[in-house]
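What follows is one structure encoded as structure tokens, with my remarks underneath.
Chain naming here is simple, since letters A, B, ... match the order of the sequence lines and numbering starts at 1 in each.
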Number of protein chains: 2
Amino acid sequence: MVNTAPPVGYALKHAQSLLHLRMEEALKPLHLTVSQYSCLFRLRREPGISAAALARATFVTRQSMNAMLQQLIDRDLVARPSRARTGRALPTVLTVAGADALDAAQKLVDGVEQRMLSGLSMAANDALARGLASCINSLEE
Amino acid sequence: MVNTAPPVGYALKHAQSLLHLRMEEALKPLHLTVSQYSCLFRLRREPGISAAALARATFVTRQSMNAMLQQLIDRDLVARPSRARTGRALPTVLTVAGADALDAAQKLVDGVEQRMLSGLSMAANDALARGLASCINSLEE
DNA sequence: TTGACCATGTCAGTAGCCTGACATACTCTG
DNA sequence: CAGAGTATGTCAGGCTACTGACATGGTCAA
């Protein structure tokens with residue numbers, strides 16, 4: 001007897017959709033979208049990263065990322081040179097204002113994430129993370 | 001010592017993004033998008049459901065759902081009356097062609113889902129499903 | 001050195017989904 | 001019975017992300 005509908009994929013979508021919604025709500029006062037937050041977050045972890053690499057890390061196309069970066073540059077949260085020192089990649093970095101915005105956003109996002117995981121024991125949290133990692137591994141390539 | 005970046009939210013996004021991508025690839029030969037598949041899937045489970053309820057179940061707005069339903073109606077995969085017998089809700093149902101398309105799509109999607117879960121034991125699969133359910137529960141309202 | 005190959009950035013066009021707003025139909029309370 | 005409240009469908013407009021295409025710069029093998 002098999003399931004008529006394996007619920008894992010649906011649950012994944014449901015959870016991600018809700019997480020995105022709550023994050024969007026939380027970040028609204030800062031006038032940041034989830035995508036913009038992800039971008040700033042990754043920029044702190046990898047200063048000087050190229051826009052294309054940033055795009056891959058945040059699951060959008062490089063075209064979308066460049067459009068988003070332009071907005072963030074206009075708001076002075078991010079900076080990058082107009083010409084590459086070498087190659088074509090333009091190394092992008094956080095500005096001071098960008099780092100400040102990220103700090104504020106981080107607190108709000110952490111709250112949402114804690115809320116999401118509040119019903120899980122440490123072991124269950126671990127099992128969830130491990131399960132997701134396995135799914136990711138099985139799906140890539 | 002706390003994590004600089006709690007990876008669960010990111011892993012959730014990563015997994016969902018990959019799953020969506022693989023499903024999109026798998027459904028391409030049928031000229032169906034993931035959203036359309038989700039819509040058909042839900043329609044089989046709940047024949048006669050309203051477009052608004054369908055929208056909630058598939059995590060889009062009712063405006064988007066109505067636009068999508070119009071496409072599916074044009075392709076004769078879905079049908080619904082032009083007037084409601086009672087109230088405003090227009091009960092939507094699968095056509096025979098829609099059921100056939102869903103059957104074909106189901107096989108492909110099941111393959112993707114199995115691939116995603118292929119690295120997990122039954123217990124780990126269970127723990128993942130339970131963890132996601134807990135996250136969903138904690139995040140709604 | 002040269003030519004294939006790949007990565008990056010950019011331009012143009014398209015599609016999907018969203019928010020905001022409104023009319024309609026039912027329900028429920030006073 | 002009158003009114004508010006809720007749910008559904010629909011129209012209009014806008015924004016975001018996508019695909020497709022191209023030029024540029026670097027790498028690597030022949």
* May I ask you to say what A/R56 touches in the nucleic acid, namely base, sugar-phosphate or nothing, with a heavy-atom cut-off under 4.0 Å? => sugar-phosphate
* List in chain and number order the residues that pass salt bridge (Lys or Arg N to Asp or Glu O under 4.0 Å) with A/R62, two or more places apart in sequence or in another chain; answer none if no residue qualifies. => none
* Donor-acceptor pair between B/N66 and B/Q70 side chains, under 3.5 angstrom -> no
* Contact letters for nucleotides 9-23 of chain C, in which S counts primed atoms plus P, OP1 and OP2 and B counts the base, heavy atoms under 4.0 Å -> BBB----SBBBBB-B
* Under a 4.0 Å N-O cut-off, is there an ion pair linking B/K28 with B/E25? -> no
* Between A/S64 (side chain) and A/V60 (backbone), is there a donor-acceptor pair under 3.5 Å? -> no
* Asked: Which one of B/L117, B/L21, B/L18 satisfies the side-chain contact (heavy atoms from CB on, under 4.5 Å) criterion with A/L139?
  -> B/L18
* Would you mind reading off the distance between A/E24 atom CD and D/dC15 atom P, rounded to a whole angstrom? => 16 Å
